[in-house]
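Reading through the structure tokens given below for one structure.
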Protein chains: 2
Amino acid sequence: MLREDVTEAIRAAVFEELATVGYARMSIEGIARRAGVGKTAVYRRWRSKLHLVLDLVSALAVQGLPAPETGGLEGDLRMLYEVTSRALRHPVASQIIPDLQAEAARNPEIAEALQKALREGQEGVALKIVAAAEQRGEVRTGLDEELALDLISGPLYWRSVVIRSPKLPKGYLAALARATAEAIKAL
Amino acid sequence: MLREDVTEAIRAAVFEELATVGYARMSIEGIARRAGVGKTAVYRRWRSKLHLVLDLVSALAVQGLPAPETGGLEGDLRMLYEVTSRALRHPVASQIIPDLQAEAARNPEIAEALQKALREGQEGVALKIVAAAEQRGEVRTGLDEELALDLISGPLYWRSVVIRSPKLPKGYLAALARATAEAIKAL
DNA sequence: TTACGACGAAACGGTTGCGTTCCGACGTCA
DNA sequence: TGACGTCGGAACGCAACCGTTTCGTCGTAA
């Protein structure tokens with residue numbers, strides 16, 4: 001029987017290694033070293049670095065987010081942004097996400113795992129928000145939902161991950177939610 | 001006198017290596033091999049992988065883009081998106097950008113070079129577009145310009161680089177420009 | 001024509017990680 | 001108490017690169 005505490009130590013070490021050196025530079029030896037564990041313990045659980053990371057990413061994907069229901073598009077967006085920006089504020093997340101995203105450009109399996117995690121998280125919630133607004137008649141029915149999702153997710157990602165703005169000014173999320181709601185209503 | 005054709009072969013090889021294996025995995029030996037050149041030729045020009053990449057990125061930053069002037073916010077955005085999406089369509093660009101972007105999270109020098117290239121390219125043009133719209137009275141003066149830039153740049157980046165949508169449906173850029181113009185007018 | 005310097009190729013010793021194997025120590029369950 | 005399986009640690013041979021040095025070749029400019 002594999003010891004759960006050892007498994008957990010390895011998992012934690014992988015996250016830290018991913019954040020500090022990135023997927024490409026990450027080595028099994030480094031993971032074992034950081035976890036205070038023998039290489040054997042790692043190989044006994046996962047066949048390779050890829051399997052290890054795929055396993056972790058898939059596990060993350062499981063945690064489905066609840067869709068906000070404030071009764072209005074702008075309010076729903078505001079809540080989504082609140083949750084998302086809090087998640088992106090964690091240094092670990094903001095280091096790991098772009099790294100895996102870049103890796104996904106080269107590795108279809110990572111790309112798929114990442115897409116799935118995204119779809120079950122952020123994108124899934126956004127889609128529910130748009131559908132609810134459609135049903136309320138708040139926005140045009142039959143609008144391009146993919147475009148709506150880009151309008152919703154793009155700006156905050158750009159600001160937090162690409163521009164890497166350390167913190168958002170007060171009122172930013174509220175203004176973003178208002179502007180995005182207007183954009184979607186214009187579709 | 002260093003031979004210019006050799007220098008150019010190295011530069012081209014670096015782009016190819018960056019695209020195929022990424023910054024982290026890229027090696028001087030690999031670059032020289034791909035360029036059909038001795039390692040000495042590389043080291044004679046650049047002290048390290050970092051200097052080499054910084055040099056290339058800085059060189060890219062120089063090419064300033066012209067700001068579109070259609071006389072309207074939506075039209076200007078439309079033209080900006082046309083140019084940007086064409087650039088992002090090149091596989092080399094769409095592979096290298098997220099890779100360097102992830103690397104920038106760990107290396108301040110790369111981050112700075114990338115920010116500078118961004119500011120002198122995409123972001124610079126976007127800022128001019130917003131300023132022109134302000135002057136025309138098309139949008140509220142004194143609006144949050146950083147937020148406007150996020151609204152402009154975020155969605156297309158999200159769609160092209162994060163979602164990695166292979167090609168955009170007909171009419172997508174037009175609809176995006178319209179929706180974004182509405183969003184900015186709502187600021 | 002001669003001198004210089006960049007060129008590609010090869011080798012240097014050193015480091016790191018690969019994936020595997022063997023070891024003795026420890027814990028758990030029968 | 002004994003058997004089993006996981007544990008951390010160490011070593012295996014192998015491969016890739018590091019940054020440097022040495023070599024003989026070739027092109028160019030004085």
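Heavy-atom basis, side chains included; hydrogens, waters and symmetry copies ignored. Protein chains get the first letters and strands the later ones, always in sequence-line order, with residue 1 at the start of each.
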Original post:
dG8(C) P sits how many Å from R45(B) CZ, rounded?
Top reply: 8 Å

**OP:** Quick one: pull up CD1 in I28(B) and CD1 in I10(B) and give me the separation to the nearest 0.5 Å.
**Re:** 9.0 Å

**OP:** Please list, by residue number, the residues of residues 3-24 of chain B whose heavy atoms come closer than 4.0 Å to an atom of DNA chain D; answer none if no residue qualifies.
**Re:** none

Subject >> Value in whole Å for how far the P atom of dA10(C) lies from CZ of R33(B) >> reply: 13 Å

Can I get a per-line list of side-chain donor-acceptor pairs under 3.5 Å for residues 122-133 of chain A, giving both atom names and the distance, sequence neighbours left out?
from: Q122(A); atom 1: OE1; to: T84(A); atom 2: OG1; distance (Å): 3.0
from: Q122(A); atom 1: NE2; to: S153(A); atom 2: OG; distance (Å): 3.1
from: E123(A); atom 1: OE1; to: S153(A); atom 2: OG; distance (Å): 3.1

**OP:** Using the ring pair (Phe, Tyr, Trp, His ring centres under 6.0 Å) rule, collect all pairs that involve residues 163-187 of chain B, keeping only residues at least two apart or in two chains.
**Re:** none

**OP:** Quick one: list whatever passes ring-ring contact (aromatic ring centres under 6.0 Å, His included) with Y23(B), sequence neighbours left out.
**Re:** none

**OP:** With sequence neighbours excluded, tell me which residues meet salt bridge (charged side-chain N to carboxylate O under 4.0 Å, His left out) with R25(B).
**Re:** E103(A)

Original post:
Any Lys/Arg nitrogen of E82(A) or R78(A) sitting under 4.0 Å from an Asp/Glu carboxylate oxygen of the other?
Top reply: yes

**OP:** May I have the distance from E29(A) (atom CD) to dA10(D) (atom P), rounded to whole angstrom?
**Re:** 12 Å

Subject >> Rounded interatomic separation in angstrom, taking CZ from R44(B) and C1' from dT21(D) >> reply: 12 Å

Subject >> Atom-to-atom span, CE of M1(B) to P of dG5(C) - whole angstrom >> reply: 11 Å

Original post:
Between R47(A) and dC18(C), is there a side-chain N or O to OP1/OP2 distance below 4.0 Å?
Top reply: no

Taking distance alone, no hydrogens or angles, what donor-acceptor pairs closer than 3.5 Å link side-chain atoms of residues 176-187 of chain B to residues at least two apart or in another chain?
from: R178(B); atom 1: NH2; to: A186(A); atom 2: O; distance (Å): 2.5
from: T180(B); atom 1: OG1; to: Y81(B); atom 2: OH; distance (Å): 3.4
from: T180(B); atom 1: OG1; to: L176(B); atom 2: O; distance (Å): 2.7

**OP:** Go through the structure and list residues passing side-chain hydrogen bond (donor to acceptor under 3.5 Å, both in side chains) with R106(B), not counting sequence neighbours.
**Re:** D99(A)

Subject >> Footprint string (nucleotides 20-30 of chain C, 5' to 3'): B base within contact, S backbone only, - free, heavy atoms under 4.0 Å >> reply: BB---------

**OP:** Starting at atom CZ of R25(A), determine the distance to atom C1' of dC17(D), rounded to an integer number of angstrom.
**Re:** 14 Å

Subject >> Qualifying ring pair (Phe, Tyr, Trp, His ring centres under 6.0 Å) pairs with a residue from residues 138-167 of chain A, counting only residues at least two apart or across chains >> reply: Y157(A)-W158(B), W158(A)-Y157(B)

**OP:** Starting at atom CD1 of I31(A), determine the distance to atom C1' of dG8(D), rounded to an integer number of angstrom.
**Re:** 17 Å

**OP:** Select base, sugar-phosphate, or nothing to describe what G36(B) touches, counting heavy atoms under 4.0 Å on all strands.
**Re:** sugar-phosphate

